[in-house]
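Taking it in order: structure first as structure tokens, then the write-up.
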Amino acid sequence: MKRLSIAIDGPAGAGKSSVAKILARRMGYTYLDTGAMYRAVTYESLRRGLADDAAIVAMAKALDMTVAPGEGHMRVFLGGEEVTAHLRTPEVSAAVSRVSAIPDVRAVMVALQRKLSAEGGTVLDGRDIGTVVLPHADVKIFLTASPHTRAVRRYKEMGGREAGLTVEAIEEEIRTRDHLDSTRAVSPLVPAADAVYLDNSNLTLEETAEAIMAICRKKAGEEA
Ligand code: DC
């Protein structure tokens, strides 16, 4: 059966990475977490204290980034050094939007992502996979959920009331970020014209993965 390339795009909190990992495991495919790649560039620019875009671009171009499948997360290495554990800190999370909006940083990452998925048998999650990275992906999913559902998920994930959070404040933040992401000049977050739009507000992760698997089976059958 043909090994497909599967693109999953959508906003934060839609469950893209969890679903992509389930799909990769069940199908024996490789999961590529493109957000982690932008996070690794961000981590390195913070570590080196790089402030201006030109310096970040020069660093990104020279960066020896490699990835490998991991247990919970895709593993990322810079010059052979594993940096996976440093990619989800508040510092990196706060700076990654700015770094990932630099066009030449995106060009470097897109080239690497294309190379890594050239053989198929890959599940990529991100914001621009179906539109920019893999315009010819075999299966394109735009995975989303209502701002309220995503806020409740994040609230639970981050420790809820004990962590001093409210669903309302997180929902407000999500609406603001959605607006910024979908209106930014470079690679805005928009569904590809040929993507399947899947709102999983009322689906579990299992049900979401099953719905996408059904689409993949149909596609693989057509291509066989
Ligand atoms: O999915 P994540 O939170 O790990 O993504 C980190 C950041 O990188 C987020 O600000 C969106 C951005 N990103 C992007 O611009 N394009 C991608 N393909 C993946 C992530």
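Sequential numbering from 1 along the given sequence is applied to the chain's residues. Atoms within each ligand, like the ligands themselves, are counted from 1 in listed order. All heavy atoms count here, side chains included; hydrogens, waters and symmetry mates do not.
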Whether the [X] and [Y] side chains hold a donor-acceptor pair (N or O, under 3.5 Å, no angle test) is what I'd like checked.
X: Glu82; Y: Thr84; answer: yes
X: Thr42; Y: Ser45; answer: no
X: Arg39; Y: Ser93; answer: yes

For [atom], which protein heavy atom lies nearest, and how many Å away is it?
atom: atom 15 (O) of ligand 1; value: Arg106 NH1, 2.8 Å
atom: atom 12 (C) of ligand 1; value: Ser100 OG, 3.7 Å
atom: atom 19 (C) of ligand 1; value: Thr34 OG1, 3.3 Å
atom: atom 20 (C) of ligand 1; value: Gly35 CA, 3.6 Å
atom: atom 10 (O) of ligand 1; value: Ser97 OG, 3.6 Å
atom: atom 6 (C) of ligand 1; value: Arg39 NE, 3.7 Å

Among Ile6, Thr122, Leu4, the one residue meeting side chain to side chain contact (heavy atoms under 4.5 Å, CB included) with Asp138:
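One option only clears the test, and that one is Leu4.
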Please confirm whether [X] comes within less than 3.5 Å of ligand 1 when only nitrogen or oxygen atoms on both sides are compared.
X: Arg127; answer: yes
X: Arg184; answer: yes
X: Asp125; answer: no
X: Tyr38; answer: no

Gly13 to Arg154 - nearest heavy-atom pair and separation
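Taking Gly13 first and Arg154 second, the nearest heavy atoms are N-NH2, 4.3 Å.
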